[in-house]
Amino acid sequence: MNKRFDSKVVLITGAGSGLGQAAALEIAKEGAKLSLVDLNETALGDTKKLIIEAAPEAEILLLTADVSDEQAVQKYVDDTVQKFGRIDGFYNNAGIEGTQAPTAEYNSKVFDKVIDINLKGVFYGMKYVLPVMKEQQSGAIVNVASVGGIRGVLNQAAYVASKHAVSGMTKNAAIEYGQYNLSINAIAPGAIMTAMVVGSLKQIGGEDGWEEAGKQFVSVNPKKRFGKPEEVGRLVAFLLSGESEFINGVVIPIDGGQSNQY
Ligand code: NAD
């Protein structure tokens, strides 16, 4: 097996579930040392178990932290550097959807929470990881935007605002730090089947109707299906592997082509 991450250190937030967990698995199989961050300690333990089954040699540091808390972010970065000495790849992934409602009815407290986690969490992550990578004169960052970070989606004012901001912040950081040999990009997943998407479908179709809502949702996707977390994991592995160094400052859709439809 191709081991692109031998002797590399990769830091992943939101690693307890979904896209973070899937990327952790892909990258661990290719030899990385992993620092895994999540709010949910039990979920982090589950991810570690999965990794050990697939890659028994993997070195893993688990860190429970809230990405919307700046001091906690500084600490997860410091703890990673203390344990492993460097950070080669950073998957800045933790995020939440918030509730769904038309803009005029959108709850302001939920708006703040979504911005705190999805936007400020990503900002704090870059703020503390960038100096480490700048000092190394190498490193790659993948921020997680969304199709909602490049176009409107219904009833998600806070989510769409936060993800457009992540897209913009990514382009901005890329032109600031490219000169230090860093590559900073964002991914824009469409609907990938994770706990977050199940929650979203339940907001649309209810406990009994969410699977039907899912079928309707994917009926307009050119691929007629949801994406799989491991498909996103493989894209993230490519972007963090060092194989894609000249890709810098882009927001890459991974959505079966859905964002091209109008
Ligand atoms: P998920 O709910 O399966 O996983 C998110 C993880 O982040 C959970 O383990 C959760 O505990 C953790 N988390 C939440 N808030 C946190 C906080 N404040 N601090 C630390 N950890 C926290 O969701 P997912 O689908 O894997 O989503 C991951 C990222 O991908 C999010 O940023 C999401 O917006 C984005 N995304 C997902 C999809 C999709 O279809 N699944 C599409 C576009 C973008």
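Numbering starts at 1 and runs along the sequence shown. Just so you know, ligand 1 is whichever comes first in the structure, and atom 1 is the first atom listed for that ligand.
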Exercise for review: Take Asn92 and Val166 through the test side chain to side chain contact (heavy atoms under 4.5 Å, CB included) and record every step on the way to the result.
Suggested key: CA-CA 10 Å; Asn92 206 356; Val166 167; over 6 Å; no
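At a heavy-atom distance under 4.0 Å, no atom of Met193 approaches ligand 1. Neither the backbone nor the side chain of Pro229 has any atom closer than 4.0 Å to an atom of ligand 1 (non-hydrogen atoms only). With a 4.0 Å cut-off on non-hydrogen atoms, Leu39 touches ligand 1 through its backbone as well as its side chain. Residue contacts with ligand 1 for Ala145 involve N, CA, C or O but no side-chain atom from C-beta outward (heavy atoms, distance under 4.0 Å). With a 4.0 Å heavy-atom cut-off, ligand 1 is reached by the backbone of Ala191 but not by any atom from C-beta on. Contacts with ligand 1 closer than 4.0 Å are made by heavy atoms of both the backbone and the side chain of Asp66. Heavy atoms from both the backbone and the side chain of Leu19 come within less than 4.0 Å of ligand 1.
Assignment of Thr13 to the shell around ligand 1 is not supported, since no heavy atom sits closer than 4.0 Å.
In terms of polar-atom proximity, defined here as any N/O pair under 3.5 Å, Ser17 does make such a contact with ligand 1. At least one N/O-N/O distance between Val67 and ligand 1 falls below 3.5 Å.
You'll find the side chain of Phe84 stays beyond 4.5 Å of the side chain of Leu11, heavy atoms only. By the 4.5 Å heavy-atom criterion applied to side chains, Ile252 and Leu239 are counted as neighbours. Gln156 places none of its side-chain heavy atoms less than 4.5 Å from the side chain of Lys163.
A donor-acceptor contact closer than 3.5 angstrom links the side chains of Asn172 and Glu176. Checking Gln100 against Tyr159 by side-chain atom types alone, no donor-acceptor pair falls below 3.5 Å.
Glu231 and Arg225 are joined by a salt bridge, as a carboxylate oxygen and a charged side-chain nitrogen come within less than 4.0 angstrom of each other.
Near Ile117, meaning under 4.0 Å from one of its heavy atoms, ligand 1 places the atoms 18 (N). Counting the atoms of ligand 1 from 1 in the order shown, those under 4.0 Å from a heavy atom of Tyr159 are 33 (C), 34 (O), 35 (C), 36 (N), 43 (C), 44 (C). Those atoms of ligand 1 with a heavy atom of Gly95 less than 4.0 angstrom away are 31 (C), 32 (O). Residue-ligand proximity, Ile192 to ligand 1, at heavy-atom distances under 4.0 Å covers atoms 39 (C), 40 (O), 41 (N). Atoms of ligand 1 lying under 4.0 Å from any heavy atom of Gly18, numbered from 1 in the order shown and given with element: 3 (O), 26 (O). Taking every non-hydrogen atom of Gly16 and a distance limit under 4.0 Å, the qualifying atoms of ligand 1 come out as 9 (O). The contact set between ligand 1 and Ala65, taken as ligand atoms under 4.0 Å from a residue heavy atom, comprises 19 (N), 20 (C). The atoms of ligand 1 that sit less than 4.0 Å from any heavy atom of Val197 are 39 (C), 40 (O), 41 (N).
Listed for the Ser183 side chain is no donor-acceptor partner under 3.5 Å among the backbone atoms of Asn248. Looking at Asp66, its side chain never comes within 3.5 Å of a backbone N or O of Leu39 through a donor-acceptor pair.
Just one of Ile141, Val10, Thr80 meets the side chain to side chain contact (heavy atoms under 4.5 Å, CB included) condition when paired with Ile87; it is Thr80.
The aromatic rings of Tyr76 and Phe90 sit tilted, their planes meeting at an angle between 30° and 60°.
By heavy-atom distance, the residue among Asp38, Asn40, Asp46 lying nearest atom 10 (C) of ligand 1 is Asp38. Considering each of Pro189, Ala94, Ser162, the one bringing a non-hydrogen atom nearest atom 43 (C) of ligand 1 is Pro189.
Within 6.0 Å of the CG atom in Asp208, the count of heavy atoms belonging to other residues, nucleotides or ligands does not exceed 12.
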